[in-house]
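Data block below; observations after.
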Amino acid sequence: MKRILAFLLVIFFLAACVHNKYASTNKSYKKQVKNYAKLLREYPVKDSAGLQYADNWVGTTNFSMRRPNFVIIHHTAQDSCEQTLRTFTLPRTAVSAHYVVCEDGTVHHMLNDLLREHHAGLGKWGSVSDMNSCSIGIEIDNNGSEPFTEPQMNSLLQLLDRLKKAYNIPQANFIGHMDWAPGRKVDPSRYFSWQILAEKGFGFWYDTTNVEVPADFNALQALRIVGYNINNPEIAIQSYKIHFVPQDTTKVITDADKKILFDLLKKYQ
Ligand SMILES: [Zn+2]
């Protein structure tokens with residue numbers, strides 16, 4: 001009887017260990033959230049300095065939490081969801097995402113949507129220069145040289161639908177990491193179908209049937225108006241191609257691109 005009990009205890013502890021694999025990093029999550037909550041509880045509000053403050057503090061009664069206005073899609077460039085979960089729970093990597101979508105369609109929600117994660121890094125889109133502060137980051141488990149799976153795309157579409165509705169995110173504001181950081185990032189790869197997303201209302205796609213491009217059309221300015229940082233035209237074109245013309249690996253604007261951009265311009269401006 002004692003032996004059976006001991007055996008059961010061992011099984012119980014083993015199960016507990018497996019279950020609590022991320023117990024210590026979850027504890028760190030909770031601690032950090034607690035610190036931010038503490039910050040929010042501070043009054044009088046004193047997070048700006050050097051002003052001539054009124055003697056009596058008056059807090060408004062009408063407010064809510066700030067909400068994300070963009071969604072940035074990535075591929076993990078790693079070999080498994082487990083590897084990515086580990087990366088996002090090691091402080092030294094300093095990278096994270098709100099969501100990780102695994103190959104089998106499982107979704108890990110790693111951070112509250114209202115908190116700022118570290119996924120976008122340096123970049124520019126339109127006049128936005130701090131994407132981490134205004135976006136949701138979604139990492140799709142994919143090594144960058146393979147197609148995305150059907151369960152994964154289904155989960156992603158479901159997730160995008162929820163985010164779009166919950167935060168009233170404009171259709172134009174669903175973009176890729178490479179759109180945000182041309183030259184520095186190339187994810188999600190050319191295997192990712194932005195056309196499927198656009199058909200469901202996440203980002204825009206184009207229809208070049210009967211499109212006539214005016215002779216003075218400036219394709220580079222069109223790229224800028226869509227959102228791309230055109231300081232370095234070649235890498236801006238590369239990111240545009242990954243997104244909108246994945247079969248074309250060149251970095252030059254063709255007549256076909258002019259038609260595409262002329263049509264996209266109407267949607268993005
Ligand atoms: Zn990325």
For Leu122, what are the other residues in its hydrophobic cluster, where any two members join if their side-chain heavy atoms are less than 4.5 angstrom apart? none
Please give the remaining members of the hydrophobic cluster of Val58, linking ILVMFWY side chains under 4.5 Å, ordered by chain and number. none
Rounded to the nearest 0.5 Å, what separates atom CD1 in Ile175 from atom CD1 in Ile73? 9.5 Å
Just checking, is any N or O donor in the side chain of Gln83 or Arg86 under 3.5 Å from an acceptor N or O on the other one? no
Any side-chain donor near an acceptor of the partner, His74 and His119, under 3.5 Å: yes
Lys258 side chain to Ala219 main-chain N or O, any donor-acceptor pair under 3.5 Å? no
Considering non-hydrogen atoms only, spot the tightest contact between Ile169 and Leu163 and give its length. CD1-O, 3.8 Å
Which residue pairs pass the disulfide (SG to SG under 2.5 Å) test with at least one member in residues 75-123, sequence neighbours excluded? Cys81-Cys102
Side chain of Ser135, backbone of Phe70: donor and acceptor closer than 3.5 Å? no
Partners meeting side-chain hydrogen bond (donor to acceptor under 3.5 Å, both in side chains) with Tyr167 (sequence neighbours left out): Asp113
How close do Met110 and Val100 get, counting heavy atoms only, and between which atoms? SD-CG2, 3.8 Å
Just by modelled atom types, is the Leu115 backbone N or O under 3.5 Å from a matching donor or acceptor in the His98 side chain? yes
Name every donor-acceptor pair, under 3.5 Å, that has one atom in a side chain of residues 32-40 and the other anywhere in the protein, sequence neighbours excluded.
residue, atom, partner, partner atom, Å
Gln32, NE2, Ser28, OG, 3.2

Looking at Lys124, is its backbone amide N or carbonyl O close enough to the side chain of Ser129 to form a donor-acceptor pair, meaning the two atoms are under 3.5 Å apart? no
So if I apply the side-chain hydrogen bond (donor to acceptor under 3.5 Å, both in side chains) rule between Thr87 and each of Glu82, Glu139, Gln78, which one comes out positive? Gln78
Could you tell me whether the side chain of Gln152 and the main chain of Asp141 form a donor-acceptor pair under 3.5 Å? yes
Does any pair with a residue in residues 248-269 pass ring pair (Phe, Tyr, Trp, His ring centres under 6.0 Å), and if so which ones, sequence neighbours excluded? Phe204-Tyr268, Phe217-Phe262
For Asn142 and Tyr191: C-alpha separation, side-chain torsions, deciding distance, then whether side-chain hydrogen bond (donor to acceptor under 3.5 Å, both in side chains) applies. CA-CA 10 Å; Asn142 180 288; Tyr191 284 105; over 6 Å; no
Taking salt bridge (charged side-chain N to carboxylate O under 4.0 Å, His left out) as the cut-off, I'd like each qualifying pair that reaches into residues 198-214, sequence neighbours left out, listed once. none
Using a 4.5 Å side-chain heavy-atom cut-off and chaining through intermediate ILVMFWY residues, the residues clustered with Phe63 come out as none
Calculate, to the nearest 0.5 Å, the distance between atoms CD1 and OG1 belonging to Ile260 and Thr254 respectively. 6.5 Å
Quick one: pull up CG in Asn229 and OG in Ser127 and give me the separation to the nearest 0.5 Å. 12.0 Å
Is a side-chain donor or acceptor of Trp180 paired with a backbone partner of Gly121 at a separation under 3.5 angstrom? yes
What residues, two or more places apart in sequence or in another chain, satisfy salt bridge (charged side-chain N to carboxylate O under 4.0 Å, His left out) together with Arg116? Asp130
Mind checking side-chain hydrogen bond (donor to acceptor under 3.5 Å, both in side chains) for Thr89 and listing every partner two or more places apart, or none if nothing turns up? none
Contacts of Asn154 meeting side chain to side chain contact (heavy atoms under 4.5 Å, CB included) (sequence neighbours excluded), chain-then-number -> Glu150
What about Trp194 and Phe174, are their ring centers closer than 6.0 Å? no
Between the CG atom in Leu156 and the CG atom in Leu197, the distance rounded to the nearest 0.5 Å is 5.5 Å
Partner set under salt bridge (charged side-chain N to carboxylate O under 4.0 Å, His left out) for Asp257, not counting sequence neighbours: Lys241
Apply salt bridge (charged side-chain N to carboxylate O under 4.0 Å, His left out) to Lys259 and Asp263, showing your working. CA-CA 6 Å; Lys259 282 189 175 186; Asp263 188 62; over 6 Å; no
What pair of heavy atoms forms the shortest contact from Pro182 to Ser239, and how long is it? CA-OG, 3.3 Å
